[in-house]
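Accompanying notes for the structure given below.
Note that the structure is predicted; figures quoted are calculated from it, not measured. Scope of the values below: all heavy atoms of this structure, side chains included, with no hydrogens, waters or symmetry mates.
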Amino acid sequence: MKLLLVEDNPGDARLFNLMLLGESPPIELIHCESLNGALMIIEESRVTSSPFDAILLDLSLPDSQGVETFHRIHEVAPDIPIVILTALNDKIVASRLASLGAQDYLVKGFVEADLMIRSLHYAIERKKTEVGLKMVSKVFECMLEGIVMVDSDLLITHVNQAFINIMGYQAEEVIGRPVQMLLSERQENTFSMLWNILTTQGSWQGEVWQRRKSGEIFPSHLSASEVTRSKRESSRFVIVFSDISDIKLSEKRLHYLAHHDPLTGLPNRLFLNDRLEQAILHGKRQKTGVTVMFIDIDHFKQINDSMGHAAGDQLLRTTAERLVTSIRETDTVARLGGDEFAIILTDIHLTSDLETLAKKILDTVSQPVFLQELGLVNLSVSIGIASHRAELSADELLEKADTAMYVAKKSGRNQFRFFSPHLDSTDIQASKIEAETLQALDYQEYSLSYQPQFDLSSGKVIGVEALLRWQHPQHGLLQASDFISSLEDSGLIIPLGEWILTTACQEWKSWCARGQDPIKLAINLTYKQFNHDGFLVMVEKVLRQTGMEPCWLEFELARHIFTENRSRHFTVIQSLKNLGIRIAINGFDSGISSLNTLHQLKIDTLKVDRSLLTDLGHSKGNALYTRLILSLAQSFDLKSVAEGVENAQQLTFLSDHHCTEVQGFLLSHPLVAEDLFRLIEKQNKDSHLPSNPENSP
């Protein structure tokens with residue numbers, strides 16, 4: 001224990017020092033004879049981080065007298081317990097000093113050692129308690145949550161500043177009043193239950209509705225605890241609450257955003273699925289019908305692309321508004337995404353009523369829309385209708401309505417069709433794929449893979465064939481053969497063809513930039529691409545923009561391109577050759593006209609189709625024709641590439657007959673750009689062809 005004795009009488013100072021000698025642990029006593037000296041010592045102890053545990057203070061000092069002495073010391077050392085030493089046994093002064101913060105009052109001449117030691121220890125402990133209570137009081141006032149203290153009669157005894165801020169009451173307006181006044185009428189039936197739990201279990205927490213002084217009701221999170229529970233004392237309770245109005249609003253807003261489309265304000269797919277499942281269950285119980293209409297805006301992509309997304313958004317909002325005005329209040333219309341909408345209809349039993357509603361929707365929606373700066377724009381929709389039968393799920397019902405909608409589109413658009421099991425599933429699937437291919441480019445679902453081409457003599461990768469892939473959201477990764485006809489029919493092959501060429505050339509340039517030696521880049525062309533008026537202009541633009549070197553680019557053409565519109569196509573090929581681009585023929589015909597084509601156009605590569613290799617070991621015709629193509633390539637000094645090599649027998653045959661390049665699953669599957677780069681790095685260090693064990697015989 002470290003004590004400061006402030007005493008100007010030397011005799012009293014020696015006496016107090018003797019009283020404290022021999023204590024265990026020993027007491028360190030610092031003595032000074034004046035107030036100013038004491039103030040300096042206290043300041044030094046604060047600087048050296050060696051504070052006093054207590055102060056023994058004589059009120060009569062040379063430079064200060066009476067209560068003023070205590071004031072001066074307490075002002076600089078408010079957290080140190082002070083025990084007063086005085087020659088006067090004045091109870092009035094003692095009481096006043098106690099109220100000002102003195103811990104004890106000892107009269108000189110009546111103090112024994114044990115009394116002084118006990119007084120000092122009590123003073124120190126009381127001061128700790130006092131400081132702790134001040135800290136608690138400070139926390140009580142500084143907390144952001146409202147705090148209410150309640151006695152055993154459920155009357156309010158204390159509140160903090162946060163309570164005043166939240167509730168609007170002043171402290172004197174609520175102290176002594178029942179705590180029930182803070183709750184709204186909504187809690188009348190639960191109040192007794194709440195307090196029963198609190199008194200039996202000691203605590204309760206949950207959400208309640210409270211009422212401010214203004215009468216406003218608000219939600220709060222409330223915790224109540226019992227803080228005194230003994231036989232001799234009545235129970236008291238502490239209630240802590242916070243206004244959660246903002247949280248509730250945020251939750252409501254988030255729930256709304258999670259279940260509604262931000263553009264149109266309509267329910268979204270998640271909301272619709274939930275509502276449809278409920279409608280189906282209700283329909284089963286009540287034996288009432290549930291019908292879904294699947295609605296798609298006709299030619300929306302063309303409108304959106306040609307007029308801009310702002311115009312497209314306005315069309316979507318207008319469509320949503322018109323759909324809402326076309327249905328009953330009991331029905332639900334939702335936006336599923338893109339330009340797709342759906343309507344849930346209940347308690348409509350007659351097909352004629354559904355037809356009437358569908359016609360109304362077509363008439364309402366299919367009115368021109370005025371777009372600022374663009375004028376009037378025609379708008380129409382196609383509708384598919386499916387009604388619930390047997391044990392159909394919500395997803396299945398939506399799918400059938402979606403199927404009927406595609407039939408309506410195929411029938412000419414701006415129409416409605418009912419789902420029927422007798423619908424032509426092949427036509428439906430084709431219509432779906434055609435519509436989905438239009439969206440896939442916007443949604444960035446197309447990608448390129450690269451089939452490595454190996455030199456048969458060195459085993460090195462000397463070229464790649466770019467292959468189009470579609471990451472379909474429902475059907476997974478599709479090969480070009482699954483959807484190329486839809487691309488051709490819709491005309492999307494033209495812009496997509498430019499995307500393929502641009503992407504492939506950019507990735508080829510990235511390989512070179514990373515230190516890879518240039519390799520041949522082969523790209524397939526469809527008839528519609530090659531025959532398009534802007535084809536040559538597009539090729540020149542892509543070469544210029546990407547910096548692709550034309551001598552490493554090879555276009556692969558099907559044989560029939562050379563036999564149709566012969567004069568024009570020859571001109572296009574000659575223009576490509578003049579740019580330095582290589583030309584390959586797939587499905588080569590060994591007739592006289594084809595031989596003249598090889599001679600006139602200086603074709604660079606003949607390709608052996610995979611169909612010839614499939615039955616190479618069992619079909620003499622295939623083997624003979626393959627040898628003929630390879631012999632012609634060798635005679636005309638052309639490259640020859642065999643595709644679809646899947647086993648060692650095929651590879652041996654091709655090597656024996658002087659095929660120059662091969663590709664197929666035996667050597668490598670198609671790879672994404674990064675994997676291809678790593679394969680090239682590895683393979684060009686080896687001196688033999690790779691082997692893919694998954695495709696070995």
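The minimum heavy-atom distance between Tyr446 and Leu496, with the atom names listed, is CD1-CD1, 3.7 Å. Tyr450 approaches Val672 most closely through the heavy-atom pair CD1-C, 4.5 Å. In terms of heavy atoms, Ile297 sits closest to Lys409 at O-NZ, 3.5 Å. Closest heavy-atom contact between Pro452 and His669: CD-O, 3.9 Å.
Rounded to the nearest 0.5 angstrom, Ile573 CD1 and Asn578 CG are separated by 12.0 Å. Residue Leu492 holds its CG atom at 10.0 Å from CZ of Phe483, rounded to the nearest 0.5 Å. One distance of note links CD of Gln471 with CG of Leu477; it measures 5.0 Å at 0.5 Å rounding. Note that OG of Ser380 is 11.5 Å distant from CD of Gln367, once rounded to the nearest 0.5 Å. Here the CG-CG distance, from Leu468 to Leu478, works out to 10.0 Å after rounding to the nearest 0.5 Å. We find the CD-CG distance between Glu340 and Asp402 to be 6.0 Å, quoted to the nearest 0.5 Å.
A donor-acceptor pair under 3.5 Å is absent between the side-chain atoms of Trp508 and the main chain of Pro518, judged by distance alone. Side chain of Asp604 to backbone of Ile583: a donor-acceptor contact under 3.5 angstrom is found. Between the side chain of Thr319 and the backbone N or O of Leu315 there is at least one donor-acceptor pair closer than 3.5 Å. A donor-acceptor contact shorter than 3.5 Å is absent between the side chain of Ser387 and the backbone of Thr291.
For the side-chain contact (heavy atoms from CB on, under 4.5 Å) criterion with Phe416, the lone passing option out of Ile361, Ile295, Ile383 is Ile383.
Using a 4.5 Å cut-off on side-chain heavy atoms (C-beta onward), Lys639 and Gln453 make no contact. Taking 4.5 Å as the limit, some side-chain heavy atom of Arg335 sits within range of a side-chain heavy atom of Leu263. Inter-residue side-chain proximity for Leu576 and Leu536 is flagged as met; some heavy-atom pair is nearer than 4.5 Å. Side-chain atoms of Arg417 and Tyr406, non-hydrogen and from C-beta on, never get closer than 4.5 Å to each other.
Summarising the local packing, NZ of Lys520 is surrounded by more than 12 heavy atoms from other residues, nucleotides or ligands at distances under 6.0 Å. Within 6.0 Å of atom CG in Asp637, 12 or fewer heavy atoms from other residues, nucleotides or ligands are found, so the atom counts as exposed in its surroundings.
Salt bridge absent: Arg544 and Glu540 never bring a charged side-chain N and a carboxylate O closer than 4.0 Å. With salt bridges taken as basic N to acidic carboxylate O contacts below 4.0 Å, none links Glu681 and Arg514.
With 3.5 Å as the limit, one finds a donor-acceptor pair spanning the side chains of Asp609 and Ser611. Residues Ser382 and Asp296 bring no donor and acceptor atom of their side chains to less than 3.5 Å of each other.
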